[in-house]
Amino acid sequence: MSGADAAGGAEAEVAVLIVGGGPVGLTARALLARWGVSTLLVEKHTELSPFPRSRLVNVRSMEIFRQLGLAAQVTAAAFAPEYARVRFRDTLYDEDFATAGMVGVDAPVPESPVIGVLTSQDRLEPTLLAAADGEAPLRFGVELIDLAEGPDGVVAVLLDRRSGEETRVRARYVVAADGANSTVRERLAIGTTGPGPMGDFTTVVFDADLGPWSAHQPAGVYFTAHGSFGPVHPEGGWLWFGPTPGDAARTDWSGLVSRALGPGAGVRADVRQVQHWVMNAFVAERFRHGRVLLAGDAAHAIPPIGGLGMNTGIADVHNLCWKLAGVLRGWAGPGLLDTYAVEREPVAHRTLRQAVANAQLMLQVLERRRDQLQSGAPAQAGIQLPWSERYFAQLGLVLGTAYRSAAVLDGDSDSTHPEPSDTDTDTDTDADTDYVPTPEPGHRLPHLWLADGRSTLDTCGEWFTLLTPDPAHWERQAATPWPVRIENLPAEHADRCGLGPHGALLIRPDGHIGARWNDPSPHDSTLRHTVTAVTGSAPS
């Protein structure tokens, strides 16, 4: 779409307007394109981010990218698994005094068919962009400056920042993925809760030959007393990040980074890019305002330690887009969209607390090291980390998320899963760390290998999946107004899921279990009745 399409005050129309062209907005665009939903994405910057900001794609995000057919491309541009480690050093050229691996990224885990990767946002975004190219218009250099909601949609005012031309677009729904400083959130006067800004930081991208101190012990991040370092791309480049100095405008960044490397390095940093940013920590007071839904950093700003922010946003839109598609295509009721906030807000609060705890533990490591050296201990002495090696697993947080809402039926009953209370968002370190697969409703479907080489997760897509050891018993119910596919679940897997000979799992398009029948004698209306309840609709 060009500005001329809406010239003269005429309104262009689209099903979903996506505001923000970062990884979350681009993933939403790709997901909705798979559902055949028309979208327009607008991004105020004139191009994709040239900066290597978010750098960790965790195992759950890779499962989502596998569903989109993108996992191999994302992996091809990423670092080898041995880089999925953090190392603590006094300076970059010193030996480690502590180290920890990123479980689920440094090596495969049996709980998933994929492995997470360390990559950079400037490598990830072009892959996501190409996933829907030719299917979904995208306008760079175009900023949403105002919006007004009516009974049937939202009218957004867009400004082309190059030409100065204003146009209007009418959308049935708006997905706001426009970052921590979200214009949409501000226009809707949605407040935030949480610590708020946690400090000003600067990231410097530079070139230097640091191989002598890193090649034999690769890592994604080297934490030092003088800032943190990390490789940018597999073929080269480095970044440094740390607190922004008070005189940032006059700072010699090359000199600062060279000094941060340590006096023994003798290396001059050739600076390529400098970016200042604020470490925010908050959750929006609400994720939905009528026909506008917040996702990613617009909904929750997560400190970067642990790599949880972008991945949480990707999971947001994976939860949201099938619900939007159902409402727009008529097989779900509008109330289904209420379950987006009910399901994702507790995850955001839990993730924020985990990320803040990560940042505090990083500081504890450096403080312990400082105290150790001040006490006269030898420089080569290690320290006891304030967490176990499995702390960085976070698989319980990443794979163990359980949803409680009207879109989840409680076991074999017809009742929906109760909505979470305030206590359900309390942080449980063991639950965040340990992941125990379960076939209980609301949980992600456990990964199990099928005879044809697929994972059970590969049976999910733009449809509901019914997994059962007796497909013939359910086939007569397959003709429903909803997109439903019936898949055979081998008997040994059915036993592991607690299913009898005629039992079944109903899997939502986002891979979470919507309902379970342990061993029913299904009536002809069982499946129809259940999907009606899950989607909040009874389409004709």
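In what follows, every heavy atom counts, from backbone to side chain, and hydrogens, waters and symmetry copies are set aside.
Annotation for P346 and E343: closest pair CD-O, 3.7 Å, computed over non-hydrogen atoms. The minimum heavy-atom distance linking R29 with L128 is given by the pair NH1-O, 4.4 Å. The minimum heavy-atom distance linking L138 with L40 is given by the pair N-CD1, 4.4 Å. The two residues A301 and A180 have their closest heavy-atom pair at CB-CB, 4.2 Å. Counting all heavy atoms, side chain and backbone alike, E125 lies closest to G21 at OE2-O, 4.1 Å. Across all their heavy atoms, A298 and L294 have their closest contact at O-CD1, 3.8 Å.
T456 places a side-chain N or O within 3.5 Å of a backbone atom of P446 that can act as its donor or acceptor partner. No side-chain donor-acceptor contact under 3.5 Å links D133 to the backbone of A130. Judged purely by atom type and a 3.5 angstrom limit, S54 has no side-chain atom pairing as donor or acceptor with the backbone of M310. Panel note: side chain H443, backbone T438; no donor-acceptor pair is recorded below 3.5 Å. Using modelled atom types, one side-chain atom of D160 and one backbone atom of R162 make a donor-acceptor pair closer than 3.5 Å. No donor-acceptor pair closer than 3.5 Å links the side chain of D96 to the backbone N or O of T99. With D316 contributing its side chain and G296 its backbone, the two residues share a donor-acceptor pair below 3.5 Å. A side-chain donor-acceptor contact under 3.5 Å links D178 to the backbone of T183. At least one donor-acceptor pair closer than 3.5 Å links the side chain of N58 to the backbone N or O of S61. Checking side-chain atoms of R87 against main-chain N and O of V221 turns up no donor-acceptor pair under 3.5 Å.
Side-chain contact between V42 and L17: present, with at least one pair of heavy atoms (C-beta onward) separated by less than 4.5 Å. In this structure, H300 and F282 have side chains that are not in contact, with every pair of non-hydrogen atoms separated by 4.5 Å or more. Two residues are said to be in side-chain contact when any heavy atoms from C-beta on lie closer than 4.5 Å; T192 and V283 fail this criterion. Side-chain contact between V267 and W213 is present, with at least one heavy-atom pair separated by less than 4.5 Å. With a 4.5 Å cut-off on side-chain heavy atoms, C460 and L445 count as touching. Looking only at side-chain heavy atoms (C-beta outward), I115 and V109 stay at 4.5 Å or farther from each other. H289 places none of its side-chain heavy atoms less than 4.5 Å from the side chain of R185. Within the 4.5 Å cutoff, no side-chain heavy atoms of Q121 are placed close to those of P52.
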| message | What verdict does the side-chain contact (heavy atoms from CB on, under 4.5 Å) test give for V74 and M62, after you've listed the backbone C-alpha separation in whole Å, the side-chain angles of each residue and the deciding distance to 0.1 Å? | response | CA-CA 8 Å; V74 173; M62 285 299 288; 3.9 Å; yes

| request: Begin with the C-alpha distance, continue with both residues' side-chain angles, and end with the deciding distance and a verdict on side-chain contact (heavy atoms from CB on, under 4.5 Å) for V232 and V205. | output: CA-CA 8 Å; V232 176; V205 177; 4.3 Å; yes

| request: Dump the intermediate steps for ring pair (Phe, Tyr, Trp, His ring centres under 6.0 Å) on F223 and F88, then the final yes or no. | output: CA-CA 5 Å; F223 290 100; F88 296 89; 5.2 Å; yes

| task | Begin with the C-alpha distance, continue with both residues' side-chain angles, and end with the deciding distance and a verdict on side-chain contact (heavy atoms from CB on, under 4.5 Å) for L26 and L124. | result | CA-CA 10 Å; L26 291 171; L124 176 63; over 6 Å; no

| task | Start with the C-alpha gap between Y173 and L337, add the side-chain angles, then the distance that decides, and say whether side-chain contact (heavy atoms from CB on, under 4.5 Å) holds. | result | CA-CA 11 Å; Y173 291 94; L337 292 177; 3.4 Å; yes

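Salt-bridge formation is detected for the pair E235/R123: a Lys NZ or Arg NE/NH1/NH2 atom is positioned less than 4.0 Å from an Asp or Glu carboxylate oxygen. Contact check on R66 versus E63 returns no salt bridge, with no Lys/Arg side-chain nitrogen under 4.0 Å from an Asp/Glu carboxylate oxygen.
Y340 and F287 have tilted rings, their planes meeting at an angle from 30° to 60° on a 0 to 90° scale. Using bins of under 30°, 30° to 60° and over 60° for the plane-to-plane angle, the ring pair W449/H447 lands in the perpendicular bin. Using cut-offs of 30° and 60° on the angle between ring planes, the pair F206 and F229 is perpendicular.
Annotation: E135, atom CD; neighbour count of heavy atoms from other residues, nucleotides and ligands within 6.0 Å is above 12. The neighbour count for N181 CG, taken as heavy atoms of other residues, nucleotides or ligands under 6.0 Å away, does not exceed 12.
Between the side chains of Y403 and R444, no donor-acceptor pair of N or O atoms lies under 3.5 Å. Side-chain polar atoms of S49 and D122 form no donor-acceptor pair below 3.5 angstrom.
Here the CG atom belonging to L68 is positioned 11.5 Å from the OG1 atom belonging to T127, to the nearest 0.5 angstrom. In this structure, CZ on R89 lies 12.5 Å from OG on S228, to the nearest 0.5 angstrom. To the nearest 0.5 angstrom, D90 atom CG is 7.5 Å from H226 atom NE2. In this structure, R139 CZ and T46 OG1 are separated by 14.0 Å, a value rounded to the nearest 0.5 Å. Between E43 atom CD and E143 atom CD the span is 9.5 Å, to the nearest 0.5 Å. Put simply, CG on L261 and OG1 on T91 are 8.5 Å apart, with the number rounded to the nearest 0.5 Å.
In summary, of the residues considered (T202, T251, T203, D200), a side chain to side chain donor-acceptor pair (under 3.5 Å) with T244 occurs for T202 alone. Here the rule is side chain to side chain donor-acceptor pair (under 3.5 Å) with T339, and of K323, R404, R344 only K323 fits it.
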